[in-house]
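Values in this document were obtained by computation on a predicted structure and should not be read as measured data.
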Amino acid sequence: MEKQKPLDKRLIAVIIGLILIIVALSVFMLFRQNGNTDSEDGTPRVGYASEARVMLDQNSLQAAMDAAMEKAKDGNVALRYKNNAYSKNGTDFECYIVNSANNVFDMFLTIYADAELTDQVYLSGLVPPGSGFENITLDRALDSGTHTVYVVVTQVADDEETGEQVIKNQVIHTMDFHVEQ
């Protein structure tokens with residue numbers, strides 16, 4: 001009968017190291033899983049999207065799809081425009097900005113001369129789908145040169161309960177306004 005050799009000290013160290021790694025990964029996964037549940041009802045959620053939920057059955061998935069399709073009926077904010085507008089005096093600009101005929105709602109434009117949206121230079125009236133502008137006059141003149149302006153497009157709808165207009169959607173586009181020197 002052969003005598004068994006004792007386990008090598010290096011092999012024991014490797015086994016212990018593997019066990020420690022497995023335990024550390026298990027603890028990490030446990031804490032990570034606990035961080036991805038909704039504090040109110042304990043349902044799993046995706047960490048980067050506060051509205052996202054994990055669908056655990058076909059009925060929940062179908063209800064979410066139905067809700068998304070209902071929301072999509074309102075349409076997107078589609079703006080047809082040319083990125084460049086031109087002026088000789090810094091106030092009157094030739095441009096092309098249109099509320100797409102594919103939109104469901106009227107919209108209005110607010111144009112700002114700064115990224116912080118504090119320097120308003122234009123506010124339009126309501127623009128129905130399929131209508132728009134080929135010329136606009138700013139509230140104040142821009143200096144000579146090229147200016148990146150921020151066009152805030154706001155869609156409005158009539159609230160059926162109150163009869164008042166409410167904001168439906170809002171997006172921001174940039175355009176380059178060129179003023180001749």
J.: Calculate, to the nearest 0.5 Å, the distance between atoms CG and CG belonging to L18 and L20 respectively.
T.: 9.0 Å
J.: Among V151, T110, L138, which one satisfies side-chain contact (heavy atoms from CB on, under 4.5 Å) with Y122?
T.: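 When V151, T110, L138 are each tested with Y122, the side-chain contact (heavy atoms from CB on, under 4.5 Å) holds only for L138.
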J.: Taking a hydrophobic cluster as the set of Ile, Leu, Val, Met, Phe, Trp and Tyr residues connected by side-chain heavy atoms closer than 4.5 Å, whether directly or through intermediates, do V14 and I22 fall within one such cluster?
T.: no
J.: Can you name the one residue among T118, V152, I172 that meets side-chain contact (heavy atoms from CB on, under 4.5 Å) with Y112?
T.: V152
J.: Could you measure the distance from the CD1 atom of I97 to the NE2 atom of H173? Nearest 0.5 Å is fine.
T.: 10.0 Å
J.: Do N99 and S131 have side-chain atoms, one donor and one acceptor, less than 3.5 Å apart?
T.: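 Looking only at side-chain atoms, S131 and N99 do not form any donor-acceptor pair under 3.5 Å.
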J.: Write down the atom of G125, the atom of F108, and the distance for their closest heavy-atom approach.
T.: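 Taking G125 first and F108 second, the nearest heavy atoms are O-CB, 3.5 Å.
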J.: Compare every heavy atom of S144 with every heavy atom of E180, then report the nearest pair and how far apart it is.
T.: O-OG, 3.4 Å
J.: With side chain to side chain contact (heavy atoms under 4.5 Å, CB included) as the test, would you mind laying out the steps for L126 and M107 before giving the verdict?
T.: CA-CA 5 Å; L126 285 179; M107 69 174 197; over 6 Å; no
J.: Any chance you could measure S87, atom OG, to D92, atom CG, to the nearest 0.5 Å?
T.: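 Here the rounded value is 6.0 Å.
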J.: Please round to the nearest 0.5 Å and tell me the distance separating atom CG of N103 and atom CZ of R80.
T.: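 Going from the CG atom of N103 to the CZ atom of R80 covers 11.0 Å.
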J.: State, without any angle test, whether D176 and T146 hold a side-chain donor-acceptor pair at a distance under 3.5 Å.
T.: no
J.: Apply side chain to side chain contact (heavy atoms under 4.5 Å, CB included) to residues D158 and E164 and explain how you reach the verdict.
T.: CA-CA 6 Å; D158 293 326; E164 296 178 357; over 6 Å; no
J.: Can you see which heavy atom on L123 is nearest to which on D139, and at what distance?
T.: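 Result for this residue pair: N-OD2, 4.4 Å.
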J.: Check L109 against F133 and note the closest heavy-atom contact, atom names and distance.
T.: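 Looks like CD1-CE1, 3.6 Å.
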J.: For D143 and V179, what are the C-alpha separation, side-chain angles and deciding distance, and is it a side chain to side chain contact (heavy atoms under 4.5 Å, CB included)?
T.: CA-CA 7 Å; D143 294 333; V179 180; over 6 Å; no
J.: Do V156 and V153 share a hydrophobic cluster, counting only Ile, Leu, Val, Met, Phe, Trp and Tyr and linking them when any side-chain heavy atoms are less than 4.5 Å apart?
T.: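 No, V156 and V153 fall in different hydrophobic clusters.
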J.: Can you find a pair of side-chain heavy atoms, one from M175 and one from T148, that are under 4.5 Å apart?
T.: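 No. Closest side-chain heavy atoms not under 4.5 Å.
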J.: Give the minimum heavy-atom separation between A141 and N89, together with the two atoms involved.
T.: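 For A141 versus N89, the nearest heavy atoms are CB-O, 4.0 Å.
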J.: Can you list every pair that meets ring-ring contact (aromatic ring centres under 6.0 Å, His included) and has a residue in residues 85-104, with sequence neighbours left out?
T.: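 Sorted pair list: Y86-H178, F93-F177.
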J.: If you take all heavy atoms of Y150 and D114, which pair is closest and at what distance?
T.: CD1-O, 3.4 Å
J.: Not counting sequence neighbours, which residues clear side-chain contact (heavy atoms from CB on, under 4.5 Å) with R140? List them please.
T.: A113, D119, V121, L142
J.: Heavy-atom count around E94 CD within 6.0 Å, excluding the residue itself: above 12?
T.: no
J.: With rounding to the nearest 0.5 angstrom, report the CG to SG distance, N84 to C95.
T.: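 Separation between the atoms: 11.0 Å.
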